[in-house]
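Notes follow once the structure below has been shown.
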Amino acid sequence: MGFISFVGRVLFASIFLLSAYQEFSEFGTDGGPAAKALKPKFNLFIQQVSKNLGMAMPHIDIKTVIAATMFLKGFGGLLFIISSSFGAFLLLLYLAFITPVVYDFYNYEMESSQFVQLFVKFSQNLALFGALLFFLGMKNSIPRRHSKRRAGKTKTN
């Protein structure tokens with residue numbers, strides 16, 4: 001069971017690790033294609049947040065955002081492989097930040113093809129988020145069961 005769990009964690013983390021590696025290899029001086037794709041959506045997200053909060057948001061360099069997402073995906077994925085809760089938290093943080101920014105289906109009409117594509121990808125990231133929450137829940141529940149079982153064995157002896 002432990003080996004199957006390890007293989008599952010490796011396969012799950014490979015999504016994030018391969019993505020981080022690709023962004024790292026294409027980063028360059030301007031942040032690469034990831035920065036070019038993210039910049040308009042990130043600026044729109046910042047404008048909406050500023051409008052809803054009623055105050056101006058500070059300027060955030062897109063290269064810094066891309067570097068932070070690479071770190072969260074890479075380090076979080078590596079830690080997740082070794083069954084670390086901190087790695088799962090890093091991946092959760094990445095998904096919570098990037099999913100509503102990149103997959104902004106809420107900015108499109110429901111009848112458009114872009115809405116459907118973005119909503120499907122948003123739903124996939126939401127499923128990844130749920131899988132990480134499930135992992136954390138299972139990881140937190142297993143030690144309690146073992147400690148109760150061991151406590152019961154010591155009482156009967």
### Query
Is any side-chain heavy atom of Phe97 less than 4.5 Å from a side-chain heavy atom of Leu72?
no
CE of Met55 to CE of Met57, rounded to nearest 0.5 Å, is 6.5 Å
The side chain to side chain donor-acceptor pair (under 3.5 Å) partners of Gln117 (sequence neighbours excluded) come to none
Discussion item. Is it the case that atom NZ in Lys41 sees more than 12 heavy atoms from other parts of the structure closer than 6.0 Å?
Written reply: yes
| message | More than 12 heavy atoms of other residues, nucleotides or ligands under 6.0 Å from OH of Tyr106: yes or no? | response | yes
Correct closest heavy-atom pair for Ala20 and Gly74 would be CB-N, 3.8 Å
Residue pairs passing the side chain to side chain donor-acceptor pair (under 3.5 Å) test with at least one member in residues 69-91, sequence neighbours excluded, are Ser19-Lys73, Glu23-Lys73, Ser83-Lys139
Do Gln124 and Leu128 touch side chain to side chain, with heavy atoms closer than 4.5 Å?
no
Between Tyr103 and Leu118, the two heavy atoms sitting closest are CB-O, 3.7 Å
For Ile81 and Ala13 the tightest heavy-atom approach is CG1-CB, 3.6 Å
- Item | Single-linkage hydrophobic cluster, 4.5 Å side-chain cutoff, Ile60 and Leu53 together | yes
Are Phe75 and Phe86 close enough that some pair of their side-chain heavy atoms sits under 4.5 Å apart?
-> yes
Q | Co-membership, hydrophobic cluster, residues Leu11 and Phe129, 4.5 Å side-chain | A | no
Here the gap from Met70 atom CE to Lys63 atom NZ, rounded to the nearest 0.5 Å, amounts to 10.5 Å
Interatomic distance, CG@Leu44 vs CG@Asp104, rounded to 0.5 Å, equals 6.5 Å
Output for pair (Phe16 CZ, Leu90 CG), nearest 0.5 Å, gives 11.0 Å
Checklist entry - Do Tyr108 and Leu38 share a hydrophobic cluster, counting only Ile, Leu, Val, Met, Phe, Trp and Tyr and linking them when any side-chain heavy atoms are less than 4.5 Å apart? => result yes
* **Residue Phe27 excluded, over 12 heavy atoms near CZ under 6.0 Å** => yes
TODO: Could you tell me how the ring of Phe115 sits relative to the ring of Phe105: parallel (under 30°), tilted (30 to 60°) or perpendicular (over 60°)?
DONE: perpendicular
Does Leu136 belong to the same Ile/Leu/Val/Met/Phe/Trp/Tyr cluster as Val10, with side-chain heavy atoms less than 4.5 Å apart forming each link? no
d(Phe42 CZ, Phe45 CZ) to nearest 0.5 Å is 8.0 Å
So CD1 of Ile62 and CG of Asp30: to nearest 0.5 Å the spacing works out to 11.0 Å
Heavy-atom count check: over 12 atoms from other residues, nucleotides or ligands less than 6.0 Å from Phe122 CZ?
yes
Discussion item. Ring centroids only, cut at 6.0 angstrom: are Phe12 and Phe135 within range, meaning strictly under it?
Written reply: no
Please check if Val102 and Leu132 belong to a single hydrophobic cluster, counting links between Ile, Leu, Val, Met, Phe, Trp and Tyr side chain heavy atoms closer than 4.5 Å. yes
